[in-house]
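Dropping the structure in here first, questions after.
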Amino acid sequence: MFAFTFRQALFLASTLLPTATAACNRSSLLLTVDQFLLGLTMGQAGPLENIADDFVYIENNKPAVIVSGIFNNILKIDFNRTIIDLTTCSTFTEVISSTSFKPFVLGAQIHHHPTDKYNSVYKIDTIVSTTGSWFFNASQTLHYALQEAWPVISPARQDTRQFLQKAADAYLDMWHNKSAIDAVPWGTPCARLEGSVYTGKGRPDDSCKVGIPTNNTQPPNSDRRYVVDEGMGTVSVLCNFEHLGNAPDSHLFRLEGGRLRFVHTITVVGGFGWSVGR
Ligand SMILES: *[C@@H]1O[C@H](CO)[C@@H](O)[C@H](O)[C@H]1NC(C)=O
Ligand SMILES: *[C@@H]1O[C@H](CO)[C@@H](O)[C@H](O)[C@H]1NC(C)=O
Ligand SMILES: *[C@@H]1O[C@H](CO)[C@@H](O)[C@H](O)[C@H]1NC(C)=O
Ligand SMILES: *[C@@H]1O[C@H](CO)[C@@H](O)[C@H](O)[C@H]1NC(C)=O
Ligand SMILES: *[C@@H]1O[C@H](CO)[C@@H](O)[C@H](O)[C@H]1NC(C)=O
């Protein structure tokens with residue numbers, strides 16, 4: 001009886017306050033991702049609809065005019081993977097384009113207004129790497145990305161978004177906090193695809209601890225923006241690698257059964273060697 005009344009109250013609230021309780025529409029989010037990808041293949045942002053009045057475009061951590069950035073290129077998309085966050089009403093899409101005239105590996109968070117009727121898009125936030133970026137080799141990145149399986153995780157085995165985000169934060173804290181190392185839920189096997197460099201050897205004891213920071217008093221990875229998908233066990237974090245000359249960075253973490261399984265990174269820095277910042 002209580003439940004019924006409670007539901008009635010909720011229903012009433014949603015009729016009276018449609019904007020405050022509107023749900024995040026999954027199909028609408030995926031439609032925008034399709035339009036985003038189509039736009040990349042056409043070299044124009046034109047296919048994007050449902051854009052909010054307060055829309056901003058960010059590329060490599062800087063506000064930009066959308067037509068002057070990645071959309072100024074025509075991409076042939078070899079690989080794309082999208083995660084969906086229905087809590088914050090956002091998505092993250094990983095894109096590898098190795099066969100275009102100019103190769104790209106990019107990550108794009110698309111943020112929608114969670115409460116407006118149409119879930120309009122208020123921010124597209126991209127980290128775009130190309131020739132010259134940190135370990136950039138798109139065909140090699142594609143090769144490794146295609147080897148991995150990221151199946152949907154059954155509801156009983158899903159981690160909570162708080163757990164997933166805490167794991168991502170612990171990892172990104174390692175540069176400035178020594179005790180964060182032990183807070184990361186390391187798993188085995190675990191493979192890291194860092195630009196085009198892969199730590200996975202296809203062995204059961206593959207570890208993502210290879211090459212983790214040994215100097216834990218460096219400037220932090222700041223300005224973190226998140227997209228969390230419990231069904232994919234995946235967290236996207238875009239941030240600023242302060243210790244690498246403020247390099248724009250994307251980290252994608254996949255966990256399975258509470259343990260880190262895959263890490264994909266895109267870091268936009270040119271002219272630095274492997275040892276810098278590590
Ligand atoms: C969700 O979005 C899709 C695609 O834009 C649209 O067709 C559908 O009507 C929306 N559903 C609701 C409940 O608003
Ligand atoms: C994105 O990937 C899916 C398979 O995961 C594929 O069906 C789709 O065609 C791809 N989209 C583009 C624009 O390449
Ligand atoms: C990228 O990697 C592939 C495969 O390892 C290699 O054949 C190719 O020469 C590399 N390209 C560049 C530009 O280094
Ligand atoms: C360092 O990381 C640990 C483990 O995540 C956390 O408990 C602690 O609060 C962090 N310290 C600082 C100064 O951020
Ligand atoms: C660690 O990083 C800090 C900040 O960049 C630097 O001052 C310090 O010299 C580094 N320590 C070592 C041992 O490299």
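If you're wondering where the values come from, they're calculated on a predicted model, not measured in any experiment. The residues of the chain are indexed from 1 along the displayed sequence. Start at 1 and go down the list; that is how both ligands and their atoms are numbered.
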Item to complete: Could you pull out all residues at least two apart from Arg224 that satisfy salt bridge (charged side-chain N to carboxylate O under 4.0 Å, His left out)?
Response: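 Asp169, Asp173.
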
| message | For His264 and Glu148, which I'm curious about, is there any donor-acceptor pair between the side chains at under 3.5 Å? | response |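 Looking only at side-chain atoms, Glu148 and His264 do form a donor-acceptor pair, the distance falling under 3.5 Å.
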
Atom pairs and distances, ligand 3 N/O vs protein N/O under 3.5 Å:
unit_1	atom_1	unit_2	atom_2	d
ligand 3	2 (O)	Asn137	OD1	3.3
ligand 3	2 (O)	Asn137	ND2	2.3
ligand 3	2 (O)	Gln140	OE1	3.0
ligand 3	5 (O)	Gln140	OE1	3.0
ligand 3	11 (N)	Asn137	ND2	3.0

*Verify the distance criterion only: is there a donor paired with an acceptor across the side chains of Thr188 and Asp205 at less than 3.5 Å?*
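Short answer, no.
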
(Q) Set out, in order, the CA-CA distance, both residues' side-chain angles and the distance that settles ring pair (Phe, Tyr, Trp, His ring centres under 6.0 Å) for Tyr122 and His112, then state yes or no. (A) CA-CA 6 Å; Tyr122 68 89; His112 299 247; 8.3 Å; no

task = Go through ligand 1 atom by atom and flag the ones less than 4.0 Å from a non-hydrogen atom of Leu31.
result =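 Ligand 1 atoms under the 4.0 Å threshold to Leu31: 5 (O).
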
* Asked: Is the shortest N/O to N/O distance between Asn25 and ligand 1 below 3.5 Å?
  ->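 So ligand 1 has an N or O lying under 3.5 Å from an N or O of Asn25.
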
*Any atoms of ligand 5 less than 4.0 Å from a non-hydrogen atom of Gln218? List them with their elements.*
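Answer for ligand 5: 2 (O).
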
Next item on the list: Select one of side chain, backbone, both or neither to describe which atoms of Thr217 lie under 4.0 Å from any atom of ligand 5, heavy atoms only.
Entry: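 Contact part for Thr217 vs ligand 5: both backbone and side chain.
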
Fill in: Stacked cation flag Arg81 on Trp150, 6.0 angstrom / 45 deg
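Pair Arg81/Trp150 counts as cation-pi.
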
Pairs under 3.5 angstrom only: tabulate donor-acceptor contacts from the side chains of residues 231-240 to other protein residues two or more places apart or in another chain.
unit_1	atom_1	unit_2	atom_2	d
Thr234	OG1	Met232	O	2.6
Ser236	OG	Gln109	NE2	2.9
Asn240	ND2	Asn246	OD1	3.2

Does Lys123 NZ have over 12 foreign heavy atoms under 6.0 Å away?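 Enclosed.
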
Please list, one pair per line, the donor and acceptor atoms closer than 3.5 Å that link side chains of residues 29-38 to other protein atoms, with sequence neighbours excluded.
unit_1	atom_1	unit_2	atom_2	d
Thr32	OG1	Ser28	O	3.2
Gln35	OE1	Glu49	N	3.1
Gln35	NE2	Glu49	OE1	2.9

